[in-house]
Colleague: 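Below you will find the structure I want to go over with you.
The structure displayed is predicted, hence computed values, not measured ones.
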Amino acid sequence: MDLISFRRLPNARPYLHGDEEAAAAEVLRSGQYGHGPVTEEFECRLAELLGVPDIVAVASGTAALHIALLTAGVGPGDEVVVPSLTFAATVQAILATGARPVWCEIDPRTLCVTPPILLQALTPRTRAVLPVLYGGRAIDLTPIRDILDQRGIAVVEDAAHAFGSRTRRDGRHVGGTGALTCFSFDPIKNLTCGDGGAVVPRTPGEGVTARRLRGLGIEQDARKRASATTYDVTGFGLRAHLPALNAAIGLVQLRHFAAVAR
């Protein structure tokens, strides 16, 4: 039998505008490659676009999910409801907290979970639900938000493919709907930093916690530590900041994204 030859067709590839290289080169010339003013500017510009008070930029979308779950208080002995149709990173982030993933089905019409599906999957140990915004589709959990709040269950959105999406009900950007939302900025996403991610905290306290978790549990930020002789480690943390090189690429991408999204 003759072998049939075929051409591999990529389903996604990064789209660069041309000025990312210059932005990255400027960071290289500055000598400030890690977390610093460029990363903070990227966070501010993201927050402005999404209409939210705060954004915590991190090293990857997986790190964003891990940090968001920890920020929500998820840990050993807890359960997190997650749809059966998702990428490995979603479940790996749950396992990294010591919690147990509980699978739920999806609506075959949208490939996303629905409020009734999530309700059926809840157990006394459910600490969070982790809807995946598959294909960039925003999920409206308003019908069960009160039930989740009463039971102390957090909503952590895996919005890796949904940056720029808006809700059908009120037109708000994903990330501004009251959930702990996680974005990914890897090479195939709507907006890329080369690699990276972000967490949208719901409260100022969650923003403080997420920043501490991304920075090895150290209370002071990098710039304050540079001029200090001591610093305080207040708990567990990760090495998960977004480097300035990646943030510079993201700023260029964001500028073009915002012009198209108007």
Side-chain angles (χ1 to χ4, degrees), residues 8-15 50 58-72 74 78-145 147-148 151 153-169 172-192 195-200:
R8 186 181 297 275
L9 298 177
N11 63 0
R13 59 176 49 148
Y15 184 87
L50 298 178
V58 296
S60 68
T62 307
L65 289 167
H66 189 188
I67 288 171
L69 289 167
L70 291 173
T71 299
V74 175
D78 294 330
E79 292 181 349
V80 178
V81 178
V82 61
S84 56
L85 181 62
T86 187
F87 183 54
T90 316
V91 179
Q92 294 284 16
I94 297 171
L95 294 173
T97 69
R100 174 177 174 265
V102 174
W103 302 106
C104 69
E105 292 302 328
I106 56 167
D107 183 335
R109 296 168 300 176
T110 65
L111 303 182
C112 296
V113 297
T114 64
I117 290 172
L118 284 178
L119 280 182
Q120 291 174 3
L122 300 183
T123 76
R125 290 190 175 185
T126 303
R127 186 63 183 268
V129 295
L130 211 169
V132 176
L133 280 54
Y134 198 88
R137 183 185 294 270
I139 298 172
D140 186 6
L141 297 184
T142 304
I144 62 170
R145 188 60 64 92
I147 296 174
L148 297 176
R151 296 180 59 170
I153 298 173
V155 178
V156 178
E157 289 184 327
D158 182 345
H161 288 271
F163 184 80
S165 294
R166 294 177 181 268
T167 62
R168 180 174 295 180
R169 183 170 58 87
R172 285 188 295 175
H173 274 290
V174 167
T177 60
L180 257 169
T181 303
C182 302
F183 293 111
S184 170
F185 303 130
D186 78 12
I188 69 166
K189 298 305 190 296
N190 299 350
L191 182 146
T192 183
D195 208 345
V199 178
V200 183

Colleague: When you compare the side chain of S165 with that of R137, does any pair of heavy atoms fall below 4.5 Å?
Modeller: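 No, every pair of side-chain atoms sits at 4.5 Å or beyond.
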
Colleague: What's the spacing between T90 OG1 and L85 CG if we round to 0.5 Å?
Modeller: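 One gets 9.5 Å once the value is rounded to the nearest 0.5 Å.
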
Colleague: Quick check against the 3.5 Å criterion: does T192 have a side-chain atom that pairs as donor or acceptor with the backbone of D186?
Modeller: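 Looks like yes, one N/O pair under 3.5 Å.
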
Colleague: Can you name the closest pair of heavy atoms from A128 and L69 and give their distance?
Modeller: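 Where A128 meets L69 most closely, the heavy atoms are CB-CD2, 4.4 Å.
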
Colleague: Are side-chain heavy atoms of L119 and I147 found at a separation under 4.5 Å?
Modeller: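 Contact flag for L119/I147 side chains = yes.
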
Colleague: E157 versus L133: any side-chain heavy-atom pair under 4.5 Å?
Modeller: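 In contact.
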
Colleague: Closest approach of P131 and V156, non-hydrogen atoms and distance?
Modeller: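 Looking at all heavy atoms of both residues, the closest pair is CD-O, 3.4 Å.
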
Colleague: Between P101 and V80, is any pair of side-chain heavy atoms under 4.5 Å apart?
Modeller: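 No - every pair of side-chain heavy atoms lies 4.5 Å or more apart.
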
Colleague: Sequence neighbours excluded, which residues qualify as side-chain contact (heavy atoms from CB on, under 4.5 Å) partners of N190?
Modeller: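 N190: side-chain contact (heavy atoms from CB on, under 4.5 Å) contacts with F257.
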
Colleague: Side-chain contact, heavy-atom cut-off 4.5 Å: Q92 with L65?
Modeller: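 Side chain of Q92 against side chain of L65, heavy atoms only: no contact under 4.5 Å found.
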
Colleague: Which value, rounded to the nearest 0.5 Å, describes the distance between L122 atom CG and I153 atom CD1?
Modeller: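 With rounding to 0.5 Å, CG (L122) is 4.5 Å from CD1 (I153).
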
Colleague: What I'd like to find out is whether the side chain of F185 reaches to under 4.5 Å of the side chain of D195, using heavy atoms alone.
Modeller: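 Contact flag for F185/D195 side chains = no.
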
Colleague: Answer yes or no: is there a donor N or O on one side and an acceptor on the other, between the side chain of T167 and the main chain of R172, under 3.5 Å?
Modeller: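 The answer is yes, because a donor-acceptor pair under 3.5 Å joins these two groups.
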
Colleague: For A198 versus A64, what's the shortest heavy-atom pair and its separation?
Modeller: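 Heavy-atom minimum between the residues: O-CB, 3.5 Å.
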
Colleague: Looking only at heavy atoms, what is the nearest atom pair of I117 and I106, with distance?
Modeller: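 In this case the closest contact between I117 and I106 is CD1-C, 3.8 Å.
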
Colleague: Under 3.5 Å, is there a donor on one side chain and an acceptor on the other for T126 and R151?
Modeller: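 No donor-acceptor contact under 3.5 Å links the two side chains.
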
Colleague: Please evaluate residues H161 and K189 with respect to the criterion side-chain contact (heavy atoms from CB on, under 4.5 Å), reporting the C-alpha separation (whole Å), side-chain torsions for both, the decisive distance (0.1 Å), and the verdict.
Modeller: CA-CA 6 Å; H161 288 271; K189 298 305 190 296; 3.6 Å; yes

Colleague: What are the two closest non-hydrogen atoms of C104 and V81, and how far apart are they?
Modeller: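 So the two residues come closest at SG-CG1, 3.8 Å.
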
Colleague: CG/L50 to CZ/F163 distance, rounded to the nearest 0.5 angstrom?
Modeller: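 With rounding to 0.5 Å, CG (L50) is 5.0 Å from CZ (F163).
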
Colleague: Taking atom SG of C112 and atom OH of Y134, what is their separation to the nearest 0.5 Å?
Modeller: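 So the gap between those two atoms works out to 9.0 Å.
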
Colleague: When rounded to the nearest 0.5 angstrom, what distance separates CZ in R100 from OG1 in T123?
Modeller: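 Nearest 0.5 Å value for the CZ-OG1 distance: 7.5 Å.
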
Colleague: Return the CZ to OG1 distance between R145 and T177, rounded to the nearest 0.5 Å.
Modeller: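 If I round to the nearest 0.5 Å, the distance is 6.0 Å.
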
Colleague: Compare every heavy atom of P83 with every heavy atom of V132, then report the nearest pair and how far apart it is.
Modeller: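 Closest approach of V132 to P83, heavy atoms only: CG2-CG, 3.5 Å.
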
Colleague: Are the side chain of D158 and the backbone of A160 linked by a donor-acceptor contact shorter than 3.5 Å?
Modeller: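 Indeed, once roles are kept as given, a pair shorter than 3.5 Å links the two residues.
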
